Amino acid sequence: MAFWLMKSEADVFSWDDLVARGPAGEAWDGVRNYQARNNMKAMQVGERAFFYHSRGKAPAVVGICEVIAPAHPDPTTEDPRWECVDVRALAPLPRPVTLSEIKADPRLAQMVLVNNSRLSVQPVTDAEWAAILDMAGAPAA
DNA sequence: GCCAACGTTGGC
DNA sequence: GCCAACGTTGGC
């Protein structure tokens with residue numbers, strides 16, 4: 001099982017918006033970046049991803065979501081190059097983990113989030129996943 | 001709101 | 001195939 005991280009601007013589509021979708025979840029559409037798309041194509045149903053709020057005054061990982069549908073054509077474009085997965089909210093983190101905390105933790109120095117801040121869908125290693133859960137005060141997965 | 005970093009586009 | 005110009009992202 002691989003782990004992932006998906007970014008969204010909090011004032012465009014927030015964690016609360018995903019929670020409001022309930023078990024039906026939401027298509028993660030609108031991605032127009034090949035690397036991010038390739039990551040979505042690699043996702044398996046049941047895998048988990050951190051939900052990250054970008055661009056707010058305190059960018060942070062705020063929740064955990066689950067992939068509920070594999071990659072399929074992006075409904076927001078006619079262009080067949082673009083695909084998206086569907087995700088649903090699983091659980092909020094007991095405490096958000098901010099980008100500044102992530103940058104300050106040596107366990108997370110190699111995170112894609114730290115080194116390629118523009119990639120909107122990115123892989124997370126098992127060790128990074130565990131470290132962030134730890135920082136959030138969440139039980140290990 | 002600003003600006004640096006990055007990805008994409010398009011002329012040659 | 002190269003590279004300059006442009007648009008977008010996202011931290012601050």
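Note that the structure is a prediction, hence the values are computed from the model and not measured. Convention: sequence-line order gives letters A, B, ...; per-chain numbering from 1.
Between dT9(C) and Tyr52(A), no contact under 4.0 Å exists linking OP1 or OP2 to a side-chain N or O. Of the side-chain N and O atoms in Lys103(A), one or more sit less than 4.0 angstrom from OP1 or OP2 of dC12(C).
Distance CG (Leu119(A)) to P (dA5(B)): 18 Å, rounded to an integer number of Å. Rounding to whole angstrom units, CZ of residue Arg37(A) and P of dG7(B) are separated by 15 Å. Between the C1' atom of dC6(B) and the CG atom of Leu113(A) lies a distance of 15 Å, rounded to the nearest Å. Nucleotide dC6(B) holds its C1' atom 15 Å from the OH atom of Tyr34(A), rounded to whole Å. For Glu9(A) and dG11(C), the CD to P distance is 9 Å, given to the nearest whole Å. What separates CE of Met6(A) from C1' of dT9(C) is a distance of 17 Å, to the nearest Å. Separating the CD atom of Glu101(A) from the P atom of dG11(C) is a distance of 14 Å, rounded to the nearest angstrom. Put simply, CG on Asn116(A) is 18 Å from P on dA4(B), counting in whole angstrom units.
Picking from dC12(C), dG10(C), dG7(B) the nucleotide with the shortest atom distance to the side chain of Leu99(A) gives dC12(C). Taking the side chain of Pro59(A) as heavy atoms from C-beta on, and the options dG7(B), dT8(B), dG11(C), the nearest nucleotide is dG11(C). Among dG7(B), dG10(C), dA5(B), the nucleotide with an atom closest to any side-chain atom of Arg118(A) is dA5(B).
As judged by a 4.0 angstrom heavy-atom cut-off over every strand, Lys57(A) is placed among residues making no nucleic acid contact.
Side-chain contact between His72(A) and Cys84(A): present, with at least one pair of heavy atoms (C-beta onward) separated by less than 4.5 Å.
In this structure, Ser117(A) and Arg81(A) both approach DNA chain B, and ranking their closest nucleotides by distance from the 5' end singles out Ser117(A).
The two residues Lys7(A) and Trp28(A) have their closest heavy-atom pair at O-CZ2, 3.2 Å. Residues Pro59(A) and Ser54(A) approach most closely at CB-CA, 4.5 Å, considering heavy atoms. Across Glu47(A) and Met43(A), no two heavy atoms sit closer than the pair OE1-CA, 3.6 Å.
Ion pairing between Arg107(A) and Asp134(A) holds under the 4.0 Å rule for side-chain N and carboxylate O.
Residue-to-nucleotide contacts include a donor-acceptor pair under 3.5 Å from the side chain of Arg55(A) to the base of dG11(C). Below the 3.5 angstrom threshold, one finds no donor paired with an acceptor across the side chain of Arg32(A) and the base of dT8(B).
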